[in-house]
Amino acid sequence: MANLTLAYAASTNSSGIEGRAVCNARTNHWISDDGGGDAVYSGELFLSGISSCAVNMVERLARNDDIALQWMDVGLESYRDQDADHGDLTLYDAIRIKFEMWGVDDEDAINLVELWKKRCPLYGSVAVATADTTVELVSHVEMHK
């Protein structure tokens with residue numbers, strides 16, 4: 001049997017309002033809407049999990065390697081082809097990830113992103129499930145204003 005250890009735990013429950021759920025992780029609570037509401041949608045929460053993993057992990061990797069990463073932005077977009085036959089399992093048809101970093105040269109930025117791609121299980125899951133996953137990177141040696 002595999003030697004599994006718990007990585008993270010979260011739960012979600014009904015709120016009593018149709019189309020609105022209450023999400024929980026540790027002592028944190030937030031609202032998620034099904035669509036049409038003003039709270040974050042489930043797909044947006046999913047994408048923000050990947051982007052927050054990117055920012056947190058890349059900043060930690062840079063700090064550990066004494067790379068002067070000053071600031072970064074990571075954006076994600078998901079796309080679905082409404083006319084495609086997805087079979088029994090609905091997937092995204094394309095994922096676009098864009099990194100923008102300040103205070104690092106191209107070589108350091110590329111190495112940090114490549115290491116993140118190898119280590120982030122959220123990215124790995126998306127990259128395996130979505131053949132059309134692209135990562136774009138823009139780096140700026142100058143500092144962020």
Quick one: does [X]'s side chain get under 4.5 Å of [Y]'s, heavy atoms only?
X    : Y   : value
K98  : E77 : no
V126 : F46 : yes
D93  : Q82 : no
R119 : L61 : yes

Are [X] and [Y] connected, step by step, through hydrophobic side chains (Ile, Leu, Val, Met, Phe, Trp, Tyr) whose heavy atoms are closer than 4.5 Å?
X    : Y    : value
I97  : L45  : no
L122 : L112 : yes
I110 : V58  : yes
W71  : I67  : no
L137 : M57  : yes

Quick one: pull up [atom1] in [X] and [atom2] in [Y] and give me the separation to the nearest 0.5 Å.
X    : Y    : atom1 : atom2 : value
D106 : H140 : CG    : NE2   : 10.0 Å
D66  : L69  : CG    : CG    : 12.5 Å
D83  : H86  : CG    : NE2   : 9.5 Å
I17  : I31  : CD1   : CD1   : 7.5 Å
S51  : D73  : OG    : CG    : 10.5 Å

- Do other residues, nucleotides or ligands put more than 12 heavy atoms under 6.0 Å from the CD atom of E107? no
- Flag yes if more than 12 heavy atoms outside R80 fall under 6.0 Å of its CZ atom; otherwise flag no. yes
Output yes when a side-chain donor or acceptor of [X] lies under 3.5 Å from a complementary backbone atom of [Y], and no otherwise.
X    : Y    : value
S15  : R20  : yes
T130 : A127 : no
R96  : D132 : yes
S32  : V40  : yes
D33  : G35  : no

- Of all heavy-atom pairs linking V138 and E136, the shortest is CG2-OE2, 4.1 Å
- Check the pair N13 / N24 against side-chain contact (heavy atoms from CB on, under 4.5 Å), numbers first and verdict last. CA-CA 8 Å; N13 57 278; N24 309 279; 3.1 Å; yes
- Item | Sequence neighbours excluded - ring pair (Phe, Tyr, Trp, His ring centres under 6.0 Å) pairs with any residue from residues 103-138 | F99-W116, W116-Y123
- Task: Using the side-chain contact (heavy atoms from CB on, under 4.5 Å) rule, pick out the option among T133, I50, L91, L47 that qualifies with S78.
- Result: L47
